[in-house]
Structures are given as structure tokens and as C-alpha cells.
Amino acid sequence: MKNIAPAVFPPNGIGDTKPDNQAVLDWVHEIGTLTKPENIFWCDGSEGENEFLLDQARRQSVLIELNDKKVPRSYLHRSNPNDVARVEKFTFICTPTKEEAGPTNNWSEPEETYAKLHGLLDGAMRGRTMFVIPYIMGPPDSPLTKVGFEITDSIYVVLSMRIMTRMGTVAVERLGNDPEAEWNRGVHSLLDVDPERRFICHFPQDNAIISVGSGYGGNVLLSKKCLALRIGSYLAQKQGWMAEHMLILGVESPEGRKHYVVAAFPSACGKTNFAMLIPPKHFNGWKVTTVGDDIAWMQVRDGRLYAVNPENGYFGVVPGTSYKSNPNAMKSIGHATLYTNVALMDDGDVWWEGKDGAPAHAIDWRGKDWTPDSKEKAAHPNSRFATPMRNNPALDPDVEKGEGVPISAIIFGGRRSDTMPLVFQAFDWEHGVYLGATMASETTAAATGAVGQVRRDPMAMLPFCGYNIGDYFRHWLEVGKRLTNPPLVFNVNWFRKGTDGKFLWPGFGENMRVLKWIIDRCEGTGEAVKSPIGWLPGPHDLDLEELDVEHKYVIEILGIDHEDWQKEFAEHKKFFDSLGGVVPEELVRQREQLAARFSV
């Protein structure tokens, strides 16, 4: 059988810098004895190491170098067609009891799972290089920062981790020599990329992750969803902080008043677009800056929430990204970017659906000829970019601030074609937690499964909460008790459709109009109308000047249909009931109060 990841043989001075921490050395020796690699490559994150690995990746056809004039220092990777998205059905939380994993996770007994995985890993790296990647999640001086080590036999993983994390010496120094220090142990092997032997397993009590049988980013960049959210949320609950699937952005008025907001959207709901929003001309003088586009780690200090972005890069969905939808993302991915599963143009540039001007001919994400007449898409719907956050022209100047940035507002949102108005505000923190706990979205291609179904996705954490969801809700409620100056909580929906099936709201940069109202509410100047679901802006409370949307559509998108909402809170009850009694009493009471407000 063909070796899909042949060993690489670096020159002296590359791949040979071992850390001093004995616990790390013992663990690497243990995994090496199990997997039996040809050699071990100790990553240090240096430029020389990166150049060597890029050269090896080209030679092995793991990467295709793109036209350096069109997309400087950028590459294309094609994953196996059976391996293109996160696989929730093969993702497990392995806790001593099923109750600890809770009703929303796939549970697997730890000892049995270790035995099964070790069986799959036995000799799995024969003829391959075992890479050891030290990395940190979070700014180097943040009290929230976590150290991880990932072992992998994939060059693609090493090169992606260099973009997505602060990798190498910085992590070794942060860990130090204490064998008792906290760090995450992550093991990944491609095996033979067989879906039948694909498992992504988390062991929260051991601060460990094992992923086998996949080469797709979301399953194998163990720093991201695996550590930053699934293990991170478990550690956060134990240690009194929060690990959330949220973007972080700064918004500054022409007068210099600055606020930071976090926002939770399920994958492919415009999260990156919102994080990199460019205000329309009408908002001349306003600035929006990006702290993070996907994950927020938050702590309580002096009665307020402060957030850091644990990541070092962006791993975004490519289709639909254009200079019209997200100019800052286009500038970010215009150089030093690693693309996965997009189309390759004849001139060595890349293309995807939604990018300006379809080429007459390209090679699609499967490596086949493509023309505009082809039935198949040129780029996979879940094709991705990995790009350093430093590429972002709107990067916030405080992105490396270890103590984090103070949060004025929390926004929840999803893709809903009906029911949910454009924006509304929760009455208080507990009501805000209820909004997050019951949020729902129409499914997309970011995870395998049916597309277009409405599913509940609490705080956009359904696939990422690493412990019992009832305890997670309880943790949110407990954090609220520690906040003397809590963020205001809002719900948004850019995706409401009219009776003709068309979107009522233009979205993208025009979302600044909603953000401005949210900031006005935080400053105590924004007007609102009390409704059964929360505080709603009236049509004249939003700054709609120079917006090309008919007034009747504005009325419709801010409206509440009582019949729709009767169905909605019935669905809330159904969802809570499906969790089998783990929902905190406070949230059950919130649902009853919502129903009562509609019956008045």
C-alpha cells in the first residue's frame, strides 16, 4: 500500500531541538514506541524549518505552489474527497461516566477508547516522520494561555499549525521544566484516511486528544476546536473562566469611544465577515477592528468580562468570500495563505464560487477539469483558507494584550429565514443566557450531514462543548453572578427572508447599522421598544440613512409574528426536554415567562 506520508530527512540543525521538560520527553518516547516512526522531528517554528517543510510538501504533492505574482508565498492543498469537513458522529468525549459528557456529546468509555486507539496507532507511523509540535493558545503573557504539544505524521498539519498557533520555542519556554506543569497532549495520525477508521477523541480529565484517520483541518489541527473549545470549555468550567465559539471585534466611534463585543454564530453564518466588517460610507470615521474571528477565551476581572483570542490565524470558509462581501478577508488571504479544496486556475491563481469572474477553465478541488458548464462546484462548499492574523489590515492593536479586552456586548445569531427579527436585546443576563441556550440555525456545509435543517445550537457550542451541556448553561449563570458590570446580550439574524424568498437585509457592511444600535444601547443612548422577546429597535431607532431597503421590508424584518413565536417556544420546550432534565431551573423558568408574555 502506498505510503501517503513518506518520512522526511532534515539536515543538521533542523528538527533536532528537544525541550528539557521530562514529562514531554517521556510522552514522546511512549508515542514513538507505539507508532514506530522512521524518525522524530522536533519542531521549533523557525523560518529555516518552515522553508524545509514547504519544500518537502511540494515534492510529496501535499502542496501545490501558487503563482507568486498572483498570490505570493501561498499554496493549495487537496484533501481526500472522503475527508472534507468535521465529522461530528466520529467525535467523542471520553469521560469516566456518560453523565459527565452529557446528552449532546457522543460518549465513549476512556479505557476502552484508549485501547482501541492505541491498537490503530500501533505501527501507524512506519516509514513516516513523527513531528512534535509545541504551541501555545493565547498571547504569550496572558494568564489564560495554554500550552499544547501535538504529535502528527502530516506535514500539512505542521504547516497549518504554524499559521494557526504561536508555535515552537515560545511554547517550550512557557511550559518550562516543571514535569507537573499543565499542558495538553495531542496525538494525530492520518492512518490511511479511511472513514471507517476515523475517530476524534477527547479525554478532558487527562487534558488529552487523539485524532486518527483524517487529514481535514477541523479534525486534525488539535489546537483549534479540540483544545480551544472542547477541552478548553472543560478546563474553563473547572478553573472559572469561559471558552467560547465567538468572534471578538472592536468598534470605535469618530469621537474615539471604543467598545469590544463578542459574537457567537454557528460555522458559515458570516462570523468572519462580521469580525472584519468595513463600515459603509455613511459611517465615515467609524472603525471596526478584529481581535479574533472564531474563538474567545474570557475571564472575569473587576466585575467585567475580558476576552483574548487564543489563535494566531484564521481558518475560514472560502466560498462566498469576495471584495464585495469581505474586502479585509480578501486582503488577508492575498498572500502567505494555505488554501484547502479550492479550484486552481490555469495561471496558477485560485478560484471559488462567489469570487469575482469565473474562469473559462480550472482544475477543481478533486483535481479534475472544470468549466462554468460543469455540474460540480469548482471549490468544495467547505473549502478553507488558513492565513496569519497579521495579514488582516483591520487587526486590533490590542490583539496581543495578555489581560484581554473589556467586553461591552455579547451577540448571539444564526441563519434563520423566518421568526427571528434583525436584532433584539435581552432583558438581563439570565434572559441573555436563555437566548444563547435556545439559539438555532439552518445547517450548512461546515459539518457533514443534511444542509438547510433548523437545529438548536446553544451558544454555537453544540459540537464543541466538552462536557455536560446542562453544567455548561449553569456555568454561564454562575459567571453572571460574578459580574457587577455585565455585557448586554443581543440576538441578531442577517438571514430573514420575505414572502418572495429573498433576503430582507443586505448584510455584510450594512450590519454596521445594527452594531451601531448595539453600541448606542451599551452607552445608554439608544432607544428601544419593549416586546415579549426583549428590547426591539423601532424602524427609526436604527440609522438607516442612505440604505437602499424599502421601509416595508424594514418593518417586516423588525417584526414579531406571534404564530411563528408560538411554534418557536414550543421548539424551545422540545429541545430542553430532549436534553433529559439537565437544563437549569432558571432557564426552564425563562421559557415559561416567555410563553406568558405572549399570552398577555
Side-chain angles (χ1 to χ4, degrees), residues 21-31 34 88 90-121 134-138 143-151 171 174-175 178-189 199-212 219-245 295 297 299 310 461-476 478-479 579-580 582:
N21 191 295
Q22 195 57 47
V24 174
L25 297 173
D26 291 348
W27 172 71
V28 171
H29 176 74
E30 176 193 333
I31 302 303
L34 174 66
E88 290 172 20
F90 299 130
T91 301
F92 294 91
I93 302 297
C94 308
T95 45
T97 67
K98 192 171 185 178
E99 289 69 34
E100 288 168 280
T104 60
N105 285 313
N106 299 317
W107 175 76
S108 192
E109 198 281 326
E111 282 189 34
E112 289 173 13
T113 310
Y114 273 130
K116 178 175 73 175
L117 294 170
H118 287 169
L120 291 169
L121 286 167
Y135 66 93
I136 57 170
M137 296 300 281
L144 287 178
T145 291
K146 300 296 182 189
V147 176
F149 278 77
E150 177 169 357
I151 283 172
R174 173 84 186 210
L175 181 64
D178 180 3
E180 301 300 315
E182 178 193 270
W183 54 282
N184 179 266
R185 295 152 171 79
V187 179
H188 164 251
S189 176
F199 302 100
I200 297 91
C201 300
H202 307 74
F203 302 85
Q205 277 86 351
D206 298 339
N207 198 357
I209 306 156
I210 299 178
S211 170
V212 295
N219 300 325
V220 301
L221 307 182
L222 302 185
S223 62
K224 195 164 176 62
K225 306 301 193 190
C226 297
L227 172 55
L229 290 179
R230 295 192 191 101
I231 297 290
S233 61
Y234 171 86
L235 294 174
Q237 190 232 6
K238 295 288 180 196
Q239 297 168 359
W241 50 283
M242 303 175 83
E244 299 299 330
H245 186 204
I295 296 169
W297 284 359
Q299 61 183 335
M461 283 286 282
L462 184 72
F464 308 123
C465 182
Y467 62 105
N468 190 303
I469 196 78
D471 292 333
Y472 170 76
F473 293 155
R474 208 164 279 109
H475 182 53
W476 266 81
E478 289 301 317
V479 167
L579 299 179
V582 304

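This structure is a prediction, so every number in the text was calculated from the model and none was measured.
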Check side-chain contact (heavy atoms from CB on, under 4.5 Å) between Gln205 and all other residues, then give those that pass, not counting sequence neighbours. Thr95, Pro96, Glu100, Tyr234
Any salt bridge (charged side-chain N to carboxylate O under 4.0 Å, His left out) pairs touching residues 221-237, not counting sequence neighbours? Lys224-Asp294, Lys224-Glu311, Lys225-Asp294
If the condition is side-chain contact (heavy atoms from CB on, under 4.5 Å), which residues does Asp178 pass it with, not counting sequence neighbours? Glu180, Ala181
Under the side-chain contact (heavy atoms from CB on, under 4.5 Å) test, which residues partner Thr104, sequence neighbours left out? Leu462, Ile469, Leu579
Residues which pass side chain to side chain donor-acceptor pair (under 3.5 Å) with Asn468, listed by chain and number, not counting sequence neighbours: none
With sequence neighbours excluded, what pairs up with Arg185 under the side chain to side chain donor-acceptor pair (under 3.5 Å) test? none
Going by salt bridge (charged side-chain N to carboxylate O under 4.0 Å, His left out), name the pairs with one or both residues in residues 109-118, residues two or more places apart or in two chains. none
Set of residues satisfying ring pair (Phe, Tyr, Trp, His ring centres under 6.0 Å) with respect to Trp107, sequence neighbours excluded: none
Can you list the residues that meet the salt bridge (Lys or Arg N to Asp or Glu O under 4.0 Å) rule with Glu478, with sequence neighbours excluded? Lys481
List in chain and number order the residues that pass side-chain contact (heavy atoms from CB on, under 4.5 Å) with Ser108, two or more places apart in sequence or in another chain; answer none if no residue qualifies. Phe92, Cys94, Thr113
Could you work out, with side chain to side chain donor-acceptor pair (under 3.5 Å) as the rule, every residue matching Asp471, not counting sequence neighbours? Arg474
Those residues at least two apart in sequence (or on a different chain) that pass side chain to side chain donor-acceptor pair (under 3.5 Å) with Glu244 are Tyr472, Trp476
